[in-house]
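What follows is a single structure, written as structure tokens, with notes after it.
Bear in mind the structure is a predicted one, so any value in this text is a computation, not a measurement.
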Amino acid sequence: MKAKLISALFLTTVIFGTTAGVSNAQFRSNRPNINIQMQDGVPSLPGIDFSDDQKEKLKDVSEEVRNRMGEILTSEQQDDLKAAIKAGNNPKETMESFDLSSEDKTKLKKVQEWQRKEIFNVLTDEQKQKIMQLRQRQGGGNPFGNIRG
């Protein structure tokens with residue numbers, strides 16, 4: 001469960017930034033609230049349906065993120081992050097409170113960039129457009145950065 005929350009956090013931050021809900025948690029923000037429910041490593045996004053093949057690929061990405069995060073964060077840090085998510089606190093702020101080395105910060109950034117690219121490759125053009133629209137309504141920019149299809 002702990003690992004699923006953490007990978008859900010990364011998936012959610014890739015798509016919507018740090019203010020979207022993970023599992024049943026909602027992160028406080030001045031932006032409009034979008035509650036994202038995770039089911040078996042797959043986000044439930046308003047107006048976006050995933051094919052069975054996409055669901056499997058997203059599950060694989062989530063599992064790989066869990067593995068990579070487990071190699072970077074200590075068990076205690078993972079527990080702290082899980083507790084922050086359940087409490088509705090901003091996970092980015094919690095992560096910033098960890099005494100991570102610059103090397104670990106770089107590794108986490110690379111995991112998130114890898115995940116962003118993998119998700120981008122799984123989505124259809126229509127799904128990407130819908131996510132962009134949801135993200136813009138939330139007050140954010142392009143969740144995929146400079147990734148091009």
Side-chain angles (χ1 to χ4, degrees), residues 1-73 77-78 81-98 100 104-149:
M1 178 68 170
K2 170 176 59 179
K4 287 184 181 182
L5 276 174
I6 292 170
S7 65
L9 159 72
F10 251 58
L11 178 62
T12 304
T13 59
V14 165
I15 295 175
F16 287 105
T18 59
T19 60
V22 176
S23 194
N24 292 324
Q26 289 261 308
F27 303 123
R28 295 178 194 99
S29 170
N30 293 331
R31 296 179 183 174
N33 243 351
I34 297 177
N35 186 20
I36 299 175
Q37 300 293 317
M38 297 296 293
Q39 297 219 338
D40 298 322
V42 179
S44 174
L45 301 169
I48 300 176
D49 294 317
F50 297 107
S51 69
D52 290 341
D53 185 51
Q54 287 177 310
K55 288 177 185 177
E56 284 303 313
K57 289 178 182 175
L58 290 171
K59 287 179 193 177
D60 291 345
V61 169
S62 291
E63 184 175 334
E64 182 61 24
V65 168
R66 281 193 301 274
N67 293 337
R68 291 181 183 198
M69 295 276 296
E71 294 173 3
I72 300 167
L73 299 178
Q77 290 168 332
Q78 292 177 44
L81 185 56
K82 177 185 170 191
I85 292 168
K86 281 189 168 189
N89 297 329
N90 187 320
K92 182 178 179 183
E93 291 174 7
T94 302
M95 297 272 290
E96 289 171 355
S97 74
F98 297 158
L100 296 175
D104 285 343
K105 289 177 185 177
T106 299
K107 287 178 183 178
L108 285 172
K109 184 177 179 180
K110 287 183 179 182
V111 171
Q112 191 172 21
E113 289 170 354
W114 174 84
Q115 183 183 34
R116 182 178 290 123
K117 183 178 181 225
E118 293 299 310
I119 292 169
F120 183 86
N121 290 332
V122 168
L123 301 174
T124 66
D125 289 340
E126 182 181 340
Q127 289 167 331
K128 292 173 195 172
Q129 186 63 32
K130 286 181 180 181
I131 289 172
M132 289 291 295
Q133 290 168 353
L134 289 171
R135 175 75 179 179
Q136 287 170 349
R137 276 188 257 154
Q138 188 189 25
N142 182 351
F144 303 110
N146 294 325
I147 299 171
R148 300 284 181 244

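Side-chain contact, Glu64 with Gln115: no donor N or O sits under 3.5 Å from an acceptor N or O.
When all heavy atoms are compared, the tightest approach of Glu118 to Val61 is CB-CG2, 3.7 Å. Heavy atoms only, all atoms of each residue included: Leu73 and Gln78 are closest at O-NE2, 3.0 Å. The two atoms that bring Gln54 and Asp49 nearest to each other are OE1-O, 4.2 Å, heavy atoms only.
Counting heavy-atom neighbours within 6.0 Å of Lys59 NZ, excluding the residue itself, gives a total above 12.
Remark: Asp60 pairs with no residue by the side chain to side chain contact (heavy atoms under 4.5 Å, CB included) rule, at least two apart or across chains. Residues satisfying the side chain to side chain contact (heavy atoms under 4.5 Å, CB included) criterion with Asp52, sequence neighbours excluded, are Lys55. Residues satisfying the side chain to side chain contact (heavy atoms under 4.5 Å, CB included) test with Thr106, not counting sequence neighbours, are Lys110.
Tested against Lys57 for a side chain to side chain contact (heavy atoms under 4.5 Å, CB included), the candidates Asn121, Leu123, Val122 yield a single pass: Val122.
Atoms CD1 and CE, from Ile72 and Met69 in turn, are 7.0 Å apart once rounded to the nearest 0.5 Å. Here the OG1-CG distance, from Thr94 to Asn89, works out to 5.5 Å after rounding to the nearest 0.5 Å. Put simply, NZ on Lys117 and CZ on Phe120 are 10.5 Å apart, with the number rounded to the nearest 0.5 Å. Separation of atoms NZ (Lys107) and CG (Asp104) is listed at 5.5 Å; rounding is to 0.5 Å. To the nearest 0.5 Å, atom OG of residue Ser62 and atom CD1 of residue Ile119 are 7.0 Å apart. The distance from the CE atom of Met95 to the CG atom of Leu108 is 4.5 Å, given to the nearest 0.5 Å.
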After noting the C-alpha distance and the side-chain angles of Glu126 and Lys130, does the key distance pass the salt bridge (charged side-chain N to carboxylate O under 4.0 Å, His left out) rule?
-> CA-CA 6 Å; Glu126 182 181 340; Lys130 286 181 180 181; 3.3 Å; yes

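Between Lys128 and Thr124 there is no side-chain heavy-atom pair separated by less than 4.5 Å.
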